[in-house]
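What you see is a predicted model, and the numbers here were worked out from it, not measured in a lab. First the proteins, then the strands, lettered A, B, ... as listed; each starts at 1.
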Protein chains: 2
Amino acid sequence: MDTSHPLPPDAERPLLAVDVVIFSLRQRDLQLLLVRRRYPPFKGRWAIPGGFVHVAESLEQAARRELEEETGVHAVYLEQLYTFGEPRRDPRGRVISVAYVALVPADVTARAGDDAAQADWHSAHALPALAFDHAEIVQYALQRLRYKLEYTAVGFELLPHEFTLSELQAAYETVLGERLDKRNFRRRLLEAGILEETERYREGESQGRPARLYRYRRDAVTEVKARRLFP
Amino acid sequence: MDTSHPLPPDAERPLLAVDVVIFSLRQRDLQLLLVRRRYPPFKGRWAIPGGFVHVAESLEQAARRELEEETGVHAVYLEQLYTFGEPRRDPRGRVISVAYVALVPADVTARAGDDAAQADWHSAHALPALAFDHAEIVQYALQRLRYKLEYTAVGFELLPHEFTLSELQAAYETVLGERLDKRNFRRRLLEAGILEETERYREGESQGRPARLYRYRRDAVTEVKARRLFP
DNA sequence: ACAATTGGTGTTAGCCTGACACCAACAACC
DNA sequence: GGTTGTTGGTGTCAGGCTAACACCAATTGT
């Protein structure tokens, strides 16, 4: 009797890639990092950074590696987004792409990795034509980002370590694409108990009154509990 | 000058699998379908149904195929959950598993596929030891199911085509693990406009007053808009 | 017919949301 | 140094929504 079971032939094994949509706030605009492809297919086209997963590496490790190659940062917010695996999404053969979303502070600078001729920030609202199905991935990432922002506290991840409430509000407004009431915004975030007041102020950078700096309480629960449809 | 770019060697290609967590409501209990593995590794252990993705097949097609092999149904709710890819999660080598969640009506019966000696429903609250990292996958699926139920209308997917409001409420209560107020529950769902009243009643199946049967309005928007943290 | 069981319906108090205006602290300019 | 402009920071209130709550209706079984 047969006790073993055949694995698929090598020809059926796909390639495994991770692609990372890296968001940041620059010049009061929501931007994401794109690289220009140095090799075919889609040579010369803009794409989101990514690459193949190494043998002994977890998916998240691979995503962090790609992220670090392009930006130099590693201790930032990173979350798995979705896995794209249409059979013909890559002309070289079957390539499965596990997409991640990263949020990096505004002071991070881009740098080109090995596979990319250039790496540059692009406004999320005015993107060039992208390679592969990357437009779809970006679309999905944007949706997820807005959605998360509405009911969690990830907004901080887009700002420097210390920030003013106005900067935080501007970040929310930029991502959500709508204006928020100042007093209500402040009340909510302060009552949520996820901010820590510092003794310092942001001085001399604008011409108005200096604003108090706040810090994200890393010890607080990461996800603000969403309000529920049923009690 | 080099204009091509090497692909990873075949040895680095992983195997690609889909695994499907199939939920259903049976005997007023949230249950999920498990199969007993017929081949090593983990021969004899319970596992969630799954298998390798064929070359020309999309991920969702593969998930629907596995689903149909085990249950015979195909037109049901199916959603990608998460991709698990730890390097050593499968002793046979690198296997990437794209996990899906399926919700099937209560009247579906299990049937063993080719790779499984048995297929049976198990209470989600009392599961046996599972193969691979499947316990983790199930945990994650349960979390997602509860979460979605709180702010969307997927509850119907667990019920037959026509159902009473009491049955729907019982479904919500079973999954969420808490009791809901009857009047508030009815009011919300009726006001949401996603239910369609039928002319029929469920008669003779219980000893009380017959209950009106409702139907899910497939033409309505699938996702009830979640309430938002910021207006 | 009587008991038991399930189906179906409205009101209200309290909370939360969203809308709204003014004074404070600093910089730039005169 | 005073005046103007700019940004920071604070409290209230009305209205809507949520959650809590009890009784009559229609059927089955005895």
Q: For B:Glu167 and for B:Arg183, find the nucleotide of DNA chain C with the closest heavy atom, then tell me which residue's nucleotide is more 5'.
A: B:Glu167
Q: Check the side chains of B:Gln80 and A:Tyr82 for a donor-acceptor pair under 3.5 angstrom, ignoring hydrogens and angles.
A: yes
Q. Listed by chain and number, what are the salt bridge (Lys or Arg N to Asp or Glu O under 4.0 Å) partners of B:Glu203, not counting sequence neighbours?
A.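 B:Glu203 satisfies salt bridge (Lys or Arg N to Asp or Glu O under 4.0 Å) with no other residue.
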Q) Charged N to carboxylate O under 4.0 angstrom, B:Glu162 versus B:Arg202? A) no
In chain order, what residues pass the side-chain hydrogen bond (donor to acceptor under 3.5 Å, both in side chains) check against [X], with sequence neighbours excluded?
X: B:Tyr140; answer: none
X: A:Ser123; answer: A:Asp29
X: B:Gln169; answer: B:Glu173

Q.
Can you measure B:Phe185 atom CZ to D:dC21 atom C1' for me and round it to whole angstrom units?
A.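 Computing the B:Phe185:CZ to D:dC21:C1' distance gives 18 Å.
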Can you check nucleotides 13-16 of chain D for protein contacts, nitrogen or oxygen pairs under 3.5 Å, and list what you find?
none

Q. Among D:dT10, C:dG18, D:dC21, which is the nearest nucleotide to the side chain of A:Arg188?
A.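 Shortest atom-to-atom distance from the side chain points to C:dG18.
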Q) Parallel, tilted or perpendicular for A:Phe156 and A:Phe163, by the 30°/60° rule? A) tilted
Are there any protein N/O atoms within less than 3.5 Å of an N/O atom in nucleotides 28-30 of chain D, and if so, which ones and at what distance?
| from | atom 1 | to | atom 2 | distance (Å) |
| --- | --- | --- | --- | --- |
| D:dT28 | O4' | B:Gln207 | O | 3.0 |

